[in-house]
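See below for the structure under consideration.
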Amino acid sequence: MANAQAGGQWYPPEWPGRIRALASGELTPVTPKRAATVMLLKDTGAGPAVHMLRRRTSMAFAGGAYAYPGGGVDPRDDDRHVRWAGPSLDWWADRLGVDRAGAQAIVCAAVRETYEEAGVLLAGPAPDAVVGDTTGADWEADRAALVARELSFAEFLDRRGLVLRSDLLGAWTRWITPEFEQRRYDTWFFVAALPEGQRTRNASTEADRTVWITPREAAGGYDRGELLMMPPTIATLRQLTAYGTAAEALGAAPARDLTPVLASARLVDGEIVLSWPGHDEFTKHIPTGGAPA
């Protein structure tokens, strides 16, 4: 079960031991799995709100923490070319720092996971259209088949004659789970606006609660220790507070630096210093035999 240290930062109690094992060469880092997550925004009178879900406390990874819809890339997310609207695959490959197949897989994962976990679909019957209400029984059957991996996302789009709207996504940041973690992800974070006519719902089996909350309110809850979050979640929330509308945030995305953020652990004066480059608030000092400070 995760601990919260400063504020509501998610901090697993096994980390100090794993960090020491990595430093001594007893732990071999796991190769991170590619993943995508989407900060879904909608405008309110108090500025843009973001859709967040709370992971069930029973979850092995970040149980009880607030996060955005997202998950790992399905190997079939690049199994065939999908009808594509917006920037080309070459553009996305350059933006995300991967090859064309990887770009399709990551963008497809972002759109697919948002549909699987929030019921929101960033696709339409034409390059300039978006589907409306996706809450009917036939849509739910397809969503369930996607979750069960009985249906690939490419097959789902083909079956419904839909075009993936990559232009509705903005790549925001990229974080890689620390080398000492047992479950590692190389995650691209995207921003998107809730399409008109669609509405979110808690469609995830991994979440016990969903909320629309302004980034400022969510960050305040974290600072008071009321909302548990992993470093990339609170870091992105703080970044989003600078924007007055969803469109402003989307407009800022193309200029965002996608250099991966990866925590480092080093031994300094008999203690382990755990830090995330560019994010000093998450720095931890871990005595060689004790808990983090």
Side-chain angles (χ1 to χ4, degrees), residues 34-44 47-53 67-71 73-74 77-78 81-96 98 100 102-135 139 142-143 146 153-154 156-158 160-174 187-201 203 210 212 215 236 239-240 243-256 258:
R34 285 180 173 176
T37 191
V38 177
M39 300 179 286
L40 197 60
L41 304 172
K42 72 173 180 180
D43 290 325
T44 72
V50 62
H51 180 71
M52 303 190 75
L53 53 84
Y68 312 114
V73 167
D74 182 336
D77 282 336
D78 65 350
H81 180 68
V82 300
R83 289 205 293 161
W84 194 270
S88 68
L89 278 175
D90 286 330
W91 185 94
W92 277 109
D94 182 67
R95 179 73 181 115
L96 301 178
V98 297
R100 283 168 53 92
Q104 176 175 310
I106 292 161
V107 173
C108 279
V111 176
R112 175 180 52 74
E113 287 285 343
T114 303
Y115 182 52
E116 288 182 10
E117 297 200 332
V120 170
L121 183 59
L122 303 175
D128 59 352
V130 185
V131 296
D133 187 4
T134 61
T135 57
W139 285 103
D142 278 352
R143 193 197 65 78
L146 284 168
F153 192 61
F156 164 71
L157 293 175
D158 279 351
R160 289 188 169 268
L162 295 175
V163 180
L164 184 146
R165 292 288 306 274
S166 79
D167 55 318
L168 299 181
L169 285 169
W172 191 261
T173 190
R174 179 182 176 187
T187 305
W188 283 261
F189 287 69
F190 296 85
V191 288
L194 178 68
E196 187 175 350
Q198 294 193 40
R199 57 185 185 273
T200 56
R201 57 198 174 90
T210 62
W212 279 103
T236 49
Q239 292 158 0
L240 288 172
Y243 304 96
T245 66
E248 284 182 15
L250 276 165
R256 296 272 312 166
L258 292 187

Check: Asp133/Thr135 side-chain N/O donor and acceptor closer than 3.5 Å: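 Short answer, yes.
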Parallel under 30°, tilted from 30 to 60°, perpendicular over 60°: which one fits the rings of Trp212 and His51?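 The arrangement is tilted - the two ring planes meet at 30° to 60°.
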For Thr236 and Val191, run side-chain contact (heavy atoms from CB on, under 4.5 Å): C-alpha distance rounded to whole Å, both residues' side-chain angles, the deciding distance at 0.1 Å, then the answer. CA-CA 10 Å; Thr236 49; Val191 288; over 6 Å; no
So Phe156 and Tyr115, ring pair (Phe, Tyr, Trp, His ring centres under 6.0 Å) or not? Walk me through it. CA-CA 11 Å; Phe156 164 71; Tyr115 182 52; 5.4 Å; yes
Flag the pair Leu164 / Cys108 as yes when at least one side-chain heavy-atom distance between them is below 4.5 Å, and no otherwise.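 Yes, their side chains come closer than 4.5 Å.
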For the atom pair CD (Gln104) and CG (Leu89), what is the distance rounded to the nearest 0.5 Å?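 Going from CD on Gln104 over to CG on Leu89, the span is 5.5 Å.
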Output the distance between atom CZ (Arg256) and atom CZ (Phe189), rounded to the nearest 0.5 Å.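 One gets 11.5 Å once the value is rounded to the nearest 0.5 Å.
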Does atom CZ of Arg160 have more than 12 heavy-atom neighbours from other groups under 6.0 Å away?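 Yes.
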Determine the sole option in Ile106, Val38, Val73 for which the side chain to side chain contact (heavy atoms under 4.5 Å, CB included) test with Trp188 is passed.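 Passing option: Ile106.
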Step by step, work out the side-chain contact (heavy atoms from CB on, under 4.5 Å) result for Met52 and Tyr68. CA-CA 5 Å; Met52 303 190 75; Tyr68 312 114; 4.1 Å; yes
Check against side-chain contact (heavy atoms from CB on, under 4.5 Å), Leu122 and Val130: CA-CA 7 Å; Leu122 303 175; Val130 185; 5.7 Å; no
Applying side-chain contact (heavy atoms from CB on, under 4.5 Å) to Leu41 and Leu240, what does each step give before you reach the verdict? CA-CA 10 Å; Leu41 304 172; Leu240 288 172; 4.3 Å; yes
